[in-house]
Amino acid sequence: MTKPLVTFAAPDKAARDYLRPLLVARPEAYAPNTVTAGFPVALTTGTHLQVELEGSNTDDYPVTERDQVRFTLWAPKGRPSDALDAASLVMAYVYAMSVPNVVAGAKVTLGRSDVTADPDTGYEMCWFLARLNMLATPLAS
């Protein structure tokens, strides 16, 4: 029996697109004001959220793809509590994540790390991991 042809959206992009409008609308001073796939270029005020895909599990193909995504929060030097508070805020949204026809749901698999200072920049950083359960998009054969 041949399995159907399906594809899955990029989980890190789906997470960024879901989180960006929610986070920038938050009133908290520590809420991330930028959400990208990359490292923050110049971080002087506010926090930055970096969302990256770490790996995929396709055991349940063609029904779902389970992806591990890393969420790293960066805060300006000397503001470690902002990185930790921002991670908590983002985790709340990740737990509630559902994107119609793209993400069935998400589960945090490794909670917030200790806040550490990046050795190159001095920025404060905290991260956590989540599993995103992606929905299949059928392809024409």
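For reference, positions follow the sequence shown, starting with 1.
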Item to check | Point-to-point distance, once rounded to the nearest 0.5 Å, from NE2 of His48 to CG of Leu23 | outcome: 11.5 Å

Checklist entry - Is there a path of hydrophobic side-chain contacts, each under 4.5 Å between heavy atoms of I, L, V, M, F, W or Y residues, that connects Leu135 with Val6? => result no

Checklist entry - How close do Lys77 and Thr121 get, heavy atom to heavy atom, and via which atoms? => result CE-O, 2.6 Å

Next on the checklist: Give me the atom names and distance for the closest heavy-atom approach of Ala106 to Val94.
Outcome noted: CB-O, 3.4 Å

Item to check | Test item: Glu52 side-chain N/O and Asp12 main-chain N/O as donor-acceptor pair under 3.5 Å | outcome: no

Checklist entry - Given the rule that I, L, V, M, F, W and Y join up when any side-chain heavy atoms are under 4.5 Å apart, are Val90 and Val103 in one cluster? => result yes

Next on the checklist: Does any part of the side chain of Met134, heavy atoms only, come nearer than 4.5 Å to the side chain of Val102, both counted from C-beta?
Outcome noted: yes

Checklist entry - If two hydrophobic side chains count as joined below 4.5 Å and joins carry through other members, does Val63 share a cluster with Leu5? => result no

Checklist entry - If you group Ile, Leu, Val, Met, Phe, Trp and Tyr by side-chain heavy-atom gaps below 4.5 Å, do Tyr61 and Leu132 land in one group? => result yes

Checklist entry - How many angstroms lie between CZ in Arg70 and CG in Leu110, if you round to the nearest 0.5 Å? => result 8.0 Å

Item to check | Closest heavy-atom pair and its distance - Gly122, Ala117 | outcome: O-CB, 4.1 Å

Next on the checklist: Just verifying a value: how many Å separate Trp127 CH2 and Leu49 CG, rounded to the nearest 0.5 Å?
Outcome noted: 14.5 Å

Next on the checklist: Ring-plane angle category for Tyr18 and Tyr93, please: parallel below 30°, perpendicular beyond 60°, tilted otherwise.
Outcome noted: perpendicular

Item to check | Asn133 CG to Glu65 CD distance, which is reported to the nearest 0.5 Å | outcome: 10.0 Å

Next on the checklist: Does the plane of the ring in Phe39 sit parallel, tilted or perpendicular to the ring in Trp74? Use 30° and 60° as the thresholds.
Outcome noted: perpendicular

Checklist entry - Are Val69 and Phe128 co-members of a hydrophobic cluster defined by side-chain heavy atoms under 4.5 Å apart? => result yes

Checklist entry - Is any side-chain heavy atom of Leu129 closer than 4.5 Å to a side-chain heavy atom of Glu54? => result yes

Checklist entry - So, do Phe71 and Val108 sit near enough that their side-chain heavy atoms are less than 4.5 Å apart? => result no

Checklist outcome for this item: Scanning both residues in full, the closest heavy-atom pair of Pro32 with Leu89 reads CD-CD2, 4.3 Å

Next on the checklist: On a heavy-atom basis, which atom in Pro80 and which in Glu124 lie closest, and how many Å separate them?
Outcome noted: N-CG, 3.6 Å

Item to check | Expected output: side-chain Arg20 to main-chain Val35 donor-acceptor under 3.5 Å | outcome: yes

Next on the checklist: Check whether Arg16 reaches the backbone of Val51 with its side chain - one donor and one acceptor, N or O, closer than 3.5 Å.
Outcome noted: yes

Checklist entry - Are side-chain heavy atoms of Arg66 and Asp60 found at a separation under 4.5 Å? => result yes

Item to check | Any donor-acceptor pair under 3.5 Å from Thr137 side chain to Phe8 backbone | outcome: no

Checklist entry - Do Thr47 side-chain atoms and Tyr30 backbone N/O form a donor-acceptor pair below 3.5 Å? => result yes

Next on the checklist: What's the separation between atom OH in Tyr123 and atom CG in Asp82, rounded to the nearest 0.5 Å?
Outcome noted: 14.0 Å

Checklist outcome for this item: Ala87 and Cys126 have their tightest heavy-atom pair at CB-SG, 3.8 Å

